[in-house]
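Before any comments, here is the structure.
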Amino acid sequence: MRLSWSDPLVRNLVWQVVIVGTAAAIAWYLISNTMRNLESRHIATGFAFLDRVAGIPIGESLLPYNPAVNTYGRALLIGVLNTLRVAVVGIVLATILGTLVGISRLSRNWLLSHLAASYVELMRDIPVLLQLLFWYLLLQNLPGTRQALHVGNLVFLSNRGIKFVLPAWQPGYIWVLAALLAGLVLTLAWNRVAHRRQDATGVKPPVWPVALALLAGVPLTVWVGFGAPFALDYPALRGFNFQGGGSISPEYGALLGGLVFYTAAYIAEIVRAGIQAVPFGQSEAAQALGLHRGMVLRLVTLPQALRVIVPPLTSEFLNLTKNSSLAVAIGYQDIVSLANTTLNQTGQAIEGIAIIMLVYLTISLSISAFMNWYNAHIALAER
Amino acid sequence: MGWSVNSRTPKPVPAESAPEETNRMSQAAALSPQTEPAPAIVLDKVNKWFGALHVLRDVSLTVAERERVVVCGPSGSGKSTMIRCINRLESHQKGRIVVDGTELTDDLRALDTIRREVGMVFQSFNLFPHLTVLENCTLAPIWVRKTPKAEAQEQAMEYLRRVKIPEQANKYPGQLSGGQQQRVAIARALAMKPKIMLFDEPTSALDPEMIKEVLDVMIELAESGMTMVCVTHEMGFARRVADRVVFMDEGEIVECNTPHEMFENPKTDRLKLFLSQILRGH
Amino acid sequence: MPPVPTSDPTAAAVRSVPRQRPATTPLGPVAWLRANLFNSVWSSAVSILLIYVIVRGAVGFLGWAVVDAVWSVPAGPTGPDTALCRQAGAGACWAVIGEKYRLMLFGRYAYAAQWRPAIVVLLFIGLYGVSAWRRFWRWELALVWLGTMSVCGVLMWGGVLGLVYVPQEEWGGLPITLMLATFGLALAFPLAVVVALGRRSRNMPAVRWLCVLYVELVRGVPFISVLFMASVLFPLFMPAGLNPDKLLRAQVAFILFAGAYLAEVVRGGLQALPRGQYEAADALGLSYWKKTGLIILPQALRLVIPPLVNTFCSFFKDTSLVLIIGIFDLLTSGKVAMADPRWQGFATEIYLVIATIYFVFCFAMSKYSRGLEREFAHAQARAR
């Protein structure tokens, strides 16, 4: 074997060694600087701080939390949950709104389609941070709790947030929920049976009425069986704030509202492009075969449109999750905000940033993995 | 060998008939005073505009059952529009269209009935790429004619055998050549057992070596007695199979005659010009 | 053969039917309304509802923004007297813009020297305009970019040619936004091209993995975290004594971030190029770098100009995030202007003006990139 520069194998090897070597050298240089700086500033390393008492007050959290007792680890966990709270609800609402706007863009009504187009253009040309700050401004400019805007006794809008009436949890409700779950399982089973019946005889037994009966009727009967327990928890003004009922803080409300309206604009474009990507001849051919509008949509248009829609849609979901990190600008304590506070208090910047990046990388890699699986699964077979 | 002859014998006046049948019978009787079978398609002074553009001008045409009509003409002459009006992929603004005894209006139920009996083959195939070839052919029978799945698959396989590609049944359209795809499209339309078949330039998008395989299928179909209206430039096919050739230009029917008369004795200058342009060497 | 039906009136007919106008004229405003707004019951209902909502909203907004607005306030003993704006029934207080526009646009830059950042802004706008013009798409454009960026640097810093030196801490406003975006894009672009090429190299897996790692890592985390990393970790990475200032840290973060996204855009272009181009170049005996420089990149980069412009528009908007690490861009200056206790409560007007500035830039960019896409699609269709 001769080592010669004209041998591509040799050349590739040498290039790789050079490039990776340079990168490694730079990394080594940065790391050694860092170690020296950390030592000279007496900053600890390692994740031991996660067991220390946090002392960070947290405005809203899903888990019980006491700043004097709970650790940094718990505070960060609450941060992750807060991020997920915004991300999950935001994704659902943005998808609904985005789909509606996307379909409106394709409407034959000139006003509706142009209004939808203007909405999309407006949302896409203004920075999301500016939109969030504006929403926060609006929610903060609501009147004080004493002069809160209200709809009867049910909903109160004030600068302390939105308070609304919530049905109080009754002991029998757990059985009602179980009945709902059972109804869901039974509906899926019935769907399977109906499909098989259609394959065998050609006639499909009705699915929707049975589903309705199972999902609504069964829990309803269980509820009535328990004596129909029902009580409402009204928000009531005590002192300077409302007690009772459900509440949405101005921070959460602003973050959710801003992210949903912003992301919905992008989702609308994705949905529109997906529907337009299906060639018009497809629906013509389906109609020529005698299928009527609903069937054409369900059997021919939507399956093809979804293939085009789902990949960029998951990208948008990821973007919404990443944009929720802007919560730090309006005071909602998500993982970025809490990790930032933590790293300011402990001085351990590297670990703090590593935690932030780890959380988001996990989320984004899972979404990427799902997308790759989905793409491979439904890819249209070609030559 | 060849196609099973569809049992579309000329309709005698039935002894017992549902109210729609009698309606259709009287309509058909009113149209053709002879005691011939009711015509499959009647276009009566059909006019259509796209905006201000007058694309179909007083088009009148009658197609009898089991008749094969070829429509030809320069591009922009309205021949595709006319054929698409027959199954209401386009709607006409003036005049009457009666298909299989039912008049074409905005009535959705009448439309469903008509589309079941009229099959269409498109220039760009329009196969459903997310379904296999077999599923493409069984989709409409299952969901429109409510055929049980096993039976629909059997019938679809029979038609796939007749278009000579049964081995592709489980492939996806993207894996087939153009000629194969168009043959699947024909099988898909036939799987609904239509009375009338419409062809909208079925070979125009194919490479030359694949045109023959599709034309062979269409010739066998014609020889088995299917009512066909075909828009095409393939004059050899017209000569072999057509009962009548219709020449359209600028939205109106200019000449209409047997193939022999049409090609040997063109009567108008427009037809002479058209023939000189496309029959180079025929 | 079945008998030829004789009921066909057009057999061998020769006469021509004259062209007619359609029975119901499809032209004219009434017809347009019928077709587009009131073409069905449902559509009419929606139209009526939307017209009502739009008219009410427009009337309300115009009332607040124009009719009842206060355009200027008199000067009082200790400064402008905002009582006029705070009266009941007063609309928008545009006087705050008149007062604060220099703070919003130029930050805390030395008041007397603010003509310099103004020129910088105009130079950047000119640069975008020139780059958009197809006639100038040659490699000399890169020199123009470098030249403009240097001139802007000189103008902002001063200290030479008789200009007063203005330290970086005092820069702010629109020039910062434009600088972050433009320098970020300009410097990230070569990085992105190299990373995209590296990601596509099939013969050097180590290099490919390095590029994949970089791109996926940066794209998987929010920009905020990259900014934090830059502002907090950068000093740690540098040897003791070297303390890069905040703006430079933000700029580096921007370049790293933009590089990853641009690399994906360029990679898309490289993939879209037909394989025949690569094969033809190989067949001619061109080496890798010659092939890439002369054949592949010119075509691939031209293909990706529309998504490139879209990405630039996103970066332009993302510069607003430096608010969070305390750098004075346009948005931060706006927030500072809002914080003046004398002008409390007029944040809406300031937000609206800043939003309009962003909107103007981004709308222009998005319209431009859409026009380009249309042209390219047209040309591709014709070329087939």
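Chain A is the first sequence line, chain B the second, and so forth, proteins listed ahead of strands; every chain is numbered from 1. Worth saying up front: this structure is predicted, and the values here are computed from it rather than measured. Both backbone and side-chain heavy atoms feed into the values below; hydrogens, waters and symmetry mates do not.
By the neighbour-count criterion of 12 heavy atoms within 6.0 Å, atom CG of A:Leu9 is sparsely surrounded, having that number or fewer from other residues, nucleotides or ligands. Around atom CD of A:Gln276, more than 12 heavy atoms belonging to other residues, nucleotides or ligands sit under 6.0 Å away.
With a 4.5 Å cut-off on non-hydrogen atoms, B:Phe122 touches chain A through its side chain but not through its backbone. Heavy atoms of A:Arg298 lying under 4.5 Å from chain B belong exclusively to its side chain. With a threshold of 4.5 angstrom between heavy atoms, B:Leu127 approaches chain A through N, CA, C or O but not through any side-chain atom. Using a 4.5 Å cut-off between heavy atoms, A:Ala200 touches chain B through its backbone atoms (N, CA, C, O) alone. At a 4.5 Å heavy-atom cutoff, the contact between B:Arg188 and chain A is made by backbone and side-chain atoms alike.
When each of B:Leu198, B:Val144, B:Val121 is scored by its heavy-atom pairs under 4.5 Å with chain A, the top score falls to B:Val144. When A:Arg197, A:Gln198, A:Lys204, A:Arg293 are compared by the number of non-hydrogen pairs under 4.5 Å with chain B, A:Gln198 comes out ahead. Counting heavy-atom pairs closer than 4.5 Å to chain B, the top residue among A:Leu299, A:Val278, A:Val203 is A:Leu299.
In this structure, the side chains of A:His292 and B:Trp143 stay at 4.5 Å or more apart for every pair of heavy atoms.
The distance from atom NZ of B:Lys149 to atom NE2 of A:His195, rounded to the nearest 0.5 Å, is 8.5 Å. Taking CG from A:Asp199 and OG1 from B:Thr147, the interatomic distance works out to 12.0 Å, rounded to the nearest 0.5 Å. Atom CE of A:Met295 is separated from atom CD1 of B:Ile142 by 12.0 Å, given to the nearest 0.5 angstrom.
Across all non-hydrogen atoms, the minimal contact from B:Met192 to A:Leu289 is CE-O, 3.4 Å. Looking at every heavy atom in both residues, A:Gln287 comes nearest to B:Leu89 through OE1-CD2, 4.0 Å. Nearest approach of B:Arg115 to A:Gly290, heavy atoms of both residues: CB-CA, 3.8 Å.
Looking only at distances, a side-chain donor or acceptor of B:Asn126 sits under 3.5 Å from a matching main-chain atom of A:Gly281.
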